[in-house]
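Below is one structure; the comments refer to it alone.
For clarity, every value in this text was computed on a predicted model and none was experimentally measured. Numbering of residues begins at 1 and proceeds along the displayed sequence.
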Amino acid sequence: MIVGTAGHIDHGKSTLVRALTGVDTDRLPEEKQRGISIELGYAFMDLPDAGGRIAFVDVPGHERLVHTMIAGATGMDAALLLVAADDGPMPQTREHLAVLSLLGVARGAVVVTKADRADAARVQAVVAEAQALLAGSALAGAPVFVVSATSGQGLDALRAWLGEQARQEAVAPAGGAAFRLAVDRAFTLAGVGTVVTGTVHAGHVAAGDELRLVPGDATVRVRSLHAQNQAVAQARAGQRCALALAGVAKEEVERGQWLVAPAAALATDRLDATLTLWHGEAKALRSGTPVTVHLGADAVPGTVAVLDRELLAPGETARVQLVLRRRIGAWHDDRVVLRDASATRTVAGGHVLDPCAPVRYRRTPQRLAELEALALA
């Protein structure tokens, strides 16, 4: 199971992950110096009773790094929304909650952190604020845990809940789905070569497999792989994975690309989607609105065309076409999140219906009927 943190800057995300796993996810010198997360961090917690591991994706909380948070949130099975007892809900608490909801992350919990820094009345007030904040979101009714990473208060209860969630996690069937991994990091390892990491969205992969990097036309071979931070012969959907690759240099791989089975290699700059405008938005979304489109670990500028109505009101869902400034990897049913053009707030989210959207006749009754069919299970 993959669990992600979310919440405002300095609300204790990395500290909580360290308390649960023993791993400090802030690995960069600048992160150590400034005391904040800048890049995605990863840690793992063993589950002796369940015989598996939980992968934690620790995301930054700064408002200027929401794009990095979204890259980490894609592929989460569950989320921990952190709220500091001495602060209460803050702007990025709300935006991270919107991102999780629009990505369809419906399993999670609120963790009220730094309980040792507030009295009991203040803690209960923050618990009530957090519960009220969840109303109307995908996490409405989620449990709330009060913890202190310093004293250990509440950590055992949180670990027990995480273990129960992991035991309930269904193994994603490989079936006939083609392998797809959203690349969120690439680096060089001495004696190994180029290594990429990411979340496996579909299918399975094994050492010796040939894959394609998309967008692009580079073909690579898998030398070896780790899943959930352990050396394995094969990795599958729903796991954090690191692949050692032959045939490509680190400089040729960027966050936002995908590693995919060659038969599924696809890149597009125009896609049709189902889109829901976040209920907290102040005004409706009109055709021609410039946006930043987040899909997988990628972010690209684009514009929205509303297909089945004049405009999209807050809280409503519609069929739209997203026209992108450059090509990205996208497949049917992938989750997509939109932020405004200046990337200062999250506005909408949904899922891809057709990654090969037409340029002409996109609003005809025939085309809209086709999109209705593509939206069926």
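- For His96 (side chain) and Gly7 (main-chain N/O), a donor-acceptor pair under 3.5 Å exists by modelled atom type.
- A continuous path of Ile, Leu, Val, Met, Phe, Trp and Tyr side chains, each step under 4.5 Å between heavy atoms, connects Leu102 with Val59, placing both in one hydrophobic cluster.
- Residue pairs meeting the ring-ring contact (aromatic ring centres under 6.0 Å, His included) criterion with at least one member in residues 350-377: none, sequence neighbours excluded.
- Applying the side chain to side chain donor-acceptor pair (under 3.5 Å) definition to pairs two or more places apart or across chains, those involving residues 261-270 are Arg270-Gln321.
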Compile the donor-acceptor pairs under 3.5 Å between side chains in residues 215-231 and protein atoms, sequence neighbours left out, one pair per line.
unit_1	atom_1	unit_2	atom_2	d
Arg223	NH1	Val192	O	2.8
Gln228	OE1	Arg240	N	2.9
Gln228	NE2	Arg53	O	3.3

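- Taking Asp334 as the reference, Arg180 meet the salt bridge (Lys or Arg N to Asp or Glu O under 4.0 Å) condition, with sequence neighbours excluded.
- Environment of CZ in Arg325: sparse, with no more than 12 heavy atoms of neighbouring residues, nucleotides or ligands closer than 6.0 Å.
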Working for side-chain hydrogen bond (donor to acceptor under 3.5 Å, both in side chains), residues Gln257 and Glu254: CA-CA 6 Å; Gln257 287 184 295; Glu254 297 180 351; 6.0 Å; no
Derivation of the side chain to side chain contact (heavy atoms under 4.5 Å, CB included) call for Val205 and Leu181: CA-CA 10 Å; Val205 65; Leu181 176 141; over 6 Å; no
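- No donor-acceptor pair closer than 3.5 Å links the side chain of Ser101 to the backbone N or O of Ala98.
- By the criterion of side-chain heavy atoms lying less than 4.5 angstrom apart, applied directly or through intervening Ile, Leu, Val, Met, Phe, Trp or Tyr residues, Leu295 is not grouped with Leu353; the two fall into different hydrophobic clusters.
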Do any side-chain atoms of residues 75-86 form donor-acceptor pairs under 3.5 angstrom with protein atoms, and if so which ones, sequence neighbours left out?
unit_1	atom_1	unit_2	atom_2	d
Asp77	OD2	Ile2	N	2.8

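- Side-chain atoms of Thr194 come within 3.5 Å of backbone atoms of Lys250 as a donor-acceptor pair (strictly under, hydrogens ignored).
- In this structure, the side chain of Thr113 engages the main chain of His11 through a donor-acceptor pair within 3.5 Å.
- For Glu370, the side chain to side chain contact (heavy atoms under 4.5 Å, CB included) partners at least two apart in sequence or on another chain are Arg367, Leu374.
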Please tabulate, for the side chains in residues 126-141, all donor-acceptor contacts under 3.5 angstrom to protein atoms that are two or more places apart in sequence or on a different chain.
unit_1	atom_1	unit_2	atom_2	d
Ser137	OG	Leu134	O	2.6
Ser137	OG	Leu139	N	3.2

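- Residues satisfying the ring pair (Phe, Tyr, Trp, His ring centres under 6.0 Å) test with His201, not counting sequence neighbours, are Trp258.
- Atom CG of Asp87 is separated from atom NZ of Lys114 by 7.0 Å, given to the nearest 0.5 angstrom.
- Within the 3.5 Å criterion, the main-chain N or O of Asp354 finds no donor-acceptor partner in the side chain of His332.
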Please list, one pair per line, the donor and acceptor atoms closer than 3.5 Å that link side chains of residues 149-158 to other protein atoms, with sequence neighbours excluded.
unit_1	atom_1	unit_2	atom_2	d
Ser151	OG	Ser148	OG	3.2
Ser151	OG	Gln153	N	3.3
Asp156	OD1	Arg159	NH1	3.2

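- Taking every heavy atom of both residues into account, Glu210 and Pro262 meet most closely at O-CD, 3.3 Å.
- The backbone N or O of Asp340 sits less than 3.5 Å from a side-chain atom of Thr292, completing a donor-acceptor pair.
- For residues 187-198, there are no salt bridge (Lys or Arg N to Asp or Glu O under 4.0 Å) pairs, not counting sequence neighbours.
- Taken together through direct or relayed side-chain contacts under 4.5 Å among Ile, Leu, Val, Met, Phe, Trp and Tyr, Ile54 and Trp161 form part of one hydrophobic cluster.
- The ring-ring contact (aromatic ring centres under 6.0 Å, His included) contacts involving residues 307-330 comprise nothing, where partners must be two or more places apart or lie in separate chains.
- For Arg122, the CZ atom sits in a packed shell: over 12 heavy atoms of surrounding residues, nucleotides or ligands are nearer than 6.0 Å.
- Residue pairs meeting the ring-ring contact (aromatic ring centres under 6.0 Å, His included) criterion with at least one member in residues 227-250: none, sequence neighbours excluded.
- Other residues, nucleotides and ligands place no more than 12 heavy atoms under 6.0 Å from the CZ atom of Arg117.
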